[in-house]
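In what follows, a single structure is set out as C-alpha cells and then discussed.
In what follows, residues are counted from 1 in the order of the sequence shown.
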Amino acid sequence: MSGETQVTNAQHFWLIAGAIPFLLSFFVLGLSFTTGALTAFAVGWPLLQVFGYAMTLRMAKGDTSHDLVKVQVVLHYIALILLVTLLVRAS
C-alpha cells in the first residue's frame, strides 16, 4: 500500500477548472460547424488545448496543481472570455 498516491483538493480543482474550457471548446466546435462562423478558431482551440495540456502535464510530471498547468488553464479562460466578448460585441 506504500505505492498509492493521494490526490489533493488543489489538484482536483485545477483538473476540473481545465476540463470546463476544454468541454466548452467542443461546444463551440459543434456550433461552428452548424453555423459556419469562426471555424478556424473552433478547430484550432481544442487542438491547442490538447497539445498545451499534454506538454504542461509532461513538464509538471502529472501534477495538475503545478504552476505551468495553472497558467495553461488561465490562458484558456482568457480565450473563453475573449470569445464571449467578441460574440457580445458582434450582436
Side-chain angles (χ1 to χ4, degrees):
M1 296 266 165
S2 64
E4 293 182 21
T5 58
Q6 295 292 326
V7 179
T8 65
N9 287 336
Q11 290 172 328
H12 277 284
F13 173 78
W14 287 104
L15 181 67
I16 292 170
I20 292 171
F22 185 69
L23 294 175
L24 285 174
S25 71
F26 286 115
F27 173 73
V28 171
L29 183 64
L31 190 64
S32 172
F33 283 154
T34 58
T35 62
L38 295 171
T39 306
F41 175 78
V43 171
W45 192 29
L47 292 174
L48 181 68
Q49 289 186 65
V50 167
F51 291 122
Y53 286 139
M55 293 308 295
T56 55
L57 283 172
R58 182 178 298 154
M59 292 174 69
K61 296 180 178 59
D63 181 17
T64 55
S65 65
H66 193 275
D67 288 338
L68 289 172
V69 178
K70 291 176 185 179
V71 169
Q72 186 77 18
V73 170
V74 171
L75 174 74
H76 291 296
Y77 273 101
I78 291 171
L80 183 62
I81 290 168
L82 290 173
L83 176 66
V84 169
T85 304
L86 178 72
L87 295 175
V88 167
R89 293 188 110 194
S91 61

| What heavy-atom pair brings Pro21 and Gly18 nearest, and what distance separates the two atoms? |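 For Pro21 versus Gly18, the nearest heavy atoms are CD-O, 3.5 Å.
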Nearest-0.5 Å distance that lies between atom CZ in Phe51 and atom CD in Gln72: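 Reported to 0.5 Å precision, the distance equals 12.5 Å.
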Residues in side-chain hydrogen bond (donor to acceptor under 3.5 Å, both in side chains) contact with His66, at least two apart in sequence or another chain:
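For His66, no residue satisfies side-chain hydrogen bond (donor to acceptor under 3.5 Å, both in side chains) once neighbours in sequence are set aside.
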Members other than [X] in its cluster, when Ile, Leu, Val, Met, Phe, Trp, Tyr link by side-chain heavy atoms under 4.5 Å?
X	value
Leu23	none
Val88	Val84
Met59	Leu68

Could I get the full list of side-chain contact (heavy atoms from CB on, under 4.5 Å) partners for [X], not counting sequence neighbours?
X	value
Leu48	His76
Leu24	Ile20, Leu80
Ala79	Trp45
Leu15	Thr64

Applying a strict under-4.5 Å side-chain criterion to I, L, V, M, F, W and Y, I'd like to know whether Val69 and Tyr77 cluster together.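 In one cluster: yes.
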Are Met55 and Leu57 connected in a single hydrophobic cluster, I mean Ile/Leu/Val/Met/Phe/Trp/Tyr linked by side-chain heavy atoms less than 4.5 Å apart?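 Unlinked, Leu57 and Met55 end up in two clusters.
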Side-chain donor/acceptor pairs under 3.5 Å, residues 26-34, sequence neighbours excluded:
residue, atom, partner, partner atom, Å
Ser32, OG, Ala37, O, 2.8
Ser32, OG, Thr39, N, 3.4
Ser32, OG, Thr39, OG1, 3.3
Thr34, OG1, Gly30, O, 3.4
Thr34, OG1, Leu31, O, 2.8

By the side-chain hydrogen bond (donor to acceptor under 3.5 Å, both in side chains) test, which pairs, at least two apart or in different chains, include something from residues 53-63?
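Sorted result for residues 53-63: Gln11-Asp63, Asp63-Ser65.
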